[in-house]
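Note sheet for the following structure.
Read the numbers this way: they start at 1 and go in the same order the structure lists the ligands and their atoms. The first residue of the sequence shown is numbered 1, and numbering continues consecutively from there.
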Amino acid sequence: MNKIVLITGATAGIGEATAKVFAQNQFNLILTGRRQERLDKLSKQLSSDFNIEVKTLSFDIRDKAAVKESFSTLPESWQKVDILINNAGLASGLDPIQTGDLEDWDKMIDTNLKGLLYITREVTAGMIEQQKGHIINVSSIAGKEVYPNGNVYCATKHAVSSLTRAMRLDLHTHGIKVSSICPGAVETEFSQVRFHGDDQKANLVYQGFTPLTAEDIAESIYFMASRPAHVNIDDLLITPTAQGSARDINRK
Ligand code: 8X3
């Protein structure tokens, strides 16, 4: 049987692009997300284009009971996941701490941090049993730096970066690799979501320079996942050429 990769937040952006790259490389896929229709469409397309098997799990990653229940519906052989890509995550709002929206904060903490923990808890059981596996956490440049109004988003990504190191400590004795990838500016639905659907604000974020694409990140994730068995890439920071730091972008 082909190796199995589970990708969270697979219905768009980096998750979807990553699903395509792994499909091209003959992995079987478990795609998770909230939108069943999008999961079905992607699953159909990838299984027929690349002659692989795909399972979809539709749940809200913030719901710990749903994550557990949904994962348990997989056939036993599919619960032995080779690679887990913790991609589901979002930024919601860009406001100073004194006026930040509490709903936005909960959404980011519950998705980026607690959701990542819930699915990791389910998947690691099978990895421990097999004494191998690879967890790749999609963090952010916001996991290394903070910027004005980024407060809670940056805090969740800093937490993803520290959890990556903590997981590595707990799991390296079981032969399991753990990595984080920290992208800078990537043009996806990220900014539309951050600005609650305000396209004008979202488009400004990527104006005057060439941002990364979801495919750039997907290729790097695949590179990390395809190193020889004895190699673990602990962390990878990847930015557009025009981005010198989270706050410094050379716009024309
Ligand atoms: C997304 C990149 O710079 O908006 O994680 O934090 S940034």
Side-chain angles (χ1 to χ4, degrees), residues 7-18 33 61-62 85-97 99-101 104-117 135-165 179-221 224 233-252:
I7 304 168
T8 66
T11 52
I14 294 171
E16 182 179 0
T18 303
I61 202 158
R62 296 174 293 180
I85 299 174
N86 278 319
N87 164 71
L90 81 169
S92 196
L94 187 67
D95 301 293
I97 202 79
T99 57
D101 182 287
D104 281 338
W105 292 0
D106 281 344
K107 221 186 272 176
M108 292 187 279
I109 293 166
D110 292 349
T111 307
N112 301 0
L113 193 46
K114 291 161 80 179
L116 178 145
L117 288 168
I135 299 170
I136 300 178
N137 295 326
V138 179
S139 183
S140 167
I141 195 170
K144 299 185 182 293
E145 300 176 31
V146 287
Y147 47 82
N149 306 327
N151 43 61
V152 175
Y153 177 69
C154 295
T156 63
K157 291 300 188 178
H158 274 67
V160 170
S161 288
S162 47
L163 270 176
T164 303
R165 295 196 296 275
S179 310
S180 52
I181 181 164
C182 297
V186 186
E187 188 166 15
T188 59
E189 289 171 9
F190 176 85
S191 290
Q192 269 114 326
V193 174
R194 165 170 266 174
F195 295 117
H196 306 118
D198 185 333
D199 287 340
Q200 225 172 347
K201 270 192 189 166
N203 291 339
L204 279 178
V205 175
Y206 308 109
Q207 240 165 52
F209 75 108
T210 307
L212 298 171
T213 63
E215 289 71 26
D216 292 325
I217 303 305
E219 281 171 14
S220 298
I221 290 174
M224 295 167 94
I233 297 180
D234 288 60
D235 185 37
L236 185 63
L237 172 64
I238 170 166
T239 52
T241 304
Q243 184 173 32
S245 81
R247 298 178 68 176
D248 293 280
I249 294 182
N250 181 28
R251 294 176 202 268
K252 294 279 179 284

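- Taking CG of Leu237 as the start and CD of Glu145 as the end, the distance is 7.5 Å to the nearest 0.5 Å.
- Between Gln243 and ligand 1, a contact under 3.5 Å exists for no N or O pair.
- From the protein, the heavy atom lying nearest to atom 7 (S) of ligand 1 is Tyr147 OH, 3.5 Å.
- For ligand 1 and Arg194, the ligand atoms under 4.0 Å from any heavy atom of the residue are 4 (O).
- A 4.5 Å side-chain heavy-atom check between Arg247 and Ile249 finds every atom pair outside the cut-off.
- For ligand 1 and Ala142, the ligand atoms under 4.0 Å from any heavy atom of the residue are 6 (O).
- Under a 4.0 angstrom heavy-atom cut-off, Lys157 registers as lying outside contact with ligand 1.
- Close contacts of ligand 1 with Tyr153, meaning ligand atoms under 4.0 Å from a residue heavy atom, involve 1 (C), 5 (O), 6 (O).
- At least one side-chain heavy atom of Ile221 sits less than 4.5 Å from a side-chain heavy atom of Ile14.
- Legend: residues meeting side chain to side chain donor-acceptor pair (under 3.5 Å) with Ser139, ordered by chain and number and at least two apart, are Ser161.
- Here the straight-line distance linking atom CD of Glu219 with atom CG of Leu212 works out to 11.0 Å at 0.5 Å rounding.
- With ligand atoms numbered from 1 in the order given, ligand 1 contributes 3 (O) to contacts under 4.0 Å with heavy atoms of Ile141.
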Do any side-chain atoms of residues 150-157 form donor-acceptor pairs under 3.5 angstrom with protein atoms, and if so which ones, sequence neighbours left out?
unit_1	atom_1	unit_2	atom_2	d
Asn151	ND2	Asp95	O	2.9
Thr156	OG1	Asn112	ND2	3.1
Thr156	OG1	Tyr153	O	2.7
Lys157	NZ	Val138	O	3.0

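- Atom-to-atom distance recorded for Ile61:CD1 and Lys114:NZ is 13.0 Å, nearest 0.5 angstrom.
- Less than 4.0 angstrom separates some heavy atom of Gly184 from each of these atoms of ligand 1: 2 (C).
- Atoms of ligand 1 lying under 4.0 Å from at least one heavy atom of Ser140, given by number and element, are 1 (C), 2 (C), 5 (O), 6 (O).
- When hydrogens are left out, the protein atom nearest atom 1 (C) of ligand 1 is Phe190 CZ, 3.4 Å; that is the closest non-hydrogen contact.
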